[in-house]
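Just follow the structure's listing: the first ligand is 1, and inside any ligand the first atom is 1. These numbers were taken from a predicted model, which means no experiment stands behind them. Positions are given from 1 along the sequence.
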Amino acid sequence: MRRAVVLFDLDETLIHDRASTAASFAAVAAAHGLDGAALQATMRAAAFPLWRDGPAAAYCEAIGISWWEGLAGPFGPSPVAELAALHAWIPRFRAAAWSAALAALHTAASPVDLEAAFTADRLRRNVPYADAAATLERLRAAGHRLGVVTNGAPDYQRLKLDGSGLRPWFDAVVVSGEVGVGKPDPRILRVALDRLGCAPDQAAMVGDNPARDVAGARAAGILAVLVDRGEPGGGADAVVRQLSEIPGLVA
Ligand SMILES: [Mg+2]
């Protein structure tokens with residue numbers, strides 16, 4: 001099933017998200033005599049309700065911005081009203097979340113210090129999956145054109161991709177926060193296809209999330225390839241365990 005264009009999701013498809021977030025919690029916890037897993041769990045309990053009730057919660061759900069991304073990412077000024085609201089609110093969100101989490105842990109550690117340490121650490125961890133670069137290289141060598149279609153905030157998704165070192169392989173990068181719709185809405189995939197001059201039946205979409213990547217690809221008429229990172233759900237046209245299986249699949 002030759003496909004001229006291969007589109008990729010970013011988080012948990014090309015780069016680690018869960019493991020990097022856990023590693024950042026572990027690193028800042030260790031520096032302050034705390035347990036990383038306990039800090040992360042306590043932070044989730046503190047931050048998620050704030051995030052869920054925040055000023056752009058519905059937008060973040062639709063566009064795909066998570067509470068842990070809210071703790072770390074850059075959310076710069078934006079003409080988009082919801083992103084502007086996030087930009088204004090994020091400092092208060094982080095301060096409240098770190099204060100609540102550290103109070104719950106009965107530690108005297110400074111919320112200001114941990115917030116700064118966590119943000120700096122997490123922004124540095126944009127670690128690709130071990131077979132990502134070699135897979136992209138093989139696809140390019142075989143003549144495929146490549147795109148990233150990622151849900152999230154524009155500044156942060158582009159920082160992650162640049163930080164991962166994977167950006168040079170891609171002909172197009174489409175971020176939900178830049179186009180106003182997120183996967184599984186097929187319109188974001190059509191934006192990518194338009195930029196690459198490709199028909200749906202000549203493209204494949206590779207992602208880890210059945211509800212967003214697989215459902216979106218199928219709605220757009222694109223071959224849906226699930227890279228199995230443990231997310232429940234089905235419906236994919238093909239399932240792989242490793243990115244290195246992709247070149248053979250679309251050859
Ligand atoms: Mg993903």
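Look at D237 and R218 and you find a salt bridge, because one of the NZ, NE, NH1 or NH2 atoms lies within 4.0 Å of a carboxylate O, short of that distance.
For D9, the N, O or S atom closest to the Mg ion (ligand 1) goes by the atom name OD2. No other N/O/S atom of D11 lies as close to the Mg ion (ligand 1) as O does. Of all N/O/S atoms in D208, OD1 sits nearest the Mg ion (ligand 1).
Relative ring orientation between F170 and F8 is described as perpendicular, the plane-to-plane angle rising above 60° on a 0-90° scale split at 30° and 60°. Between F25 and W67, the two ring planes are tilted [angle within 30° to 60°].
Looking at R229, its side chain does come within 3.5 Å of a backbone N or O of E12 through a donor-acceptor pair.
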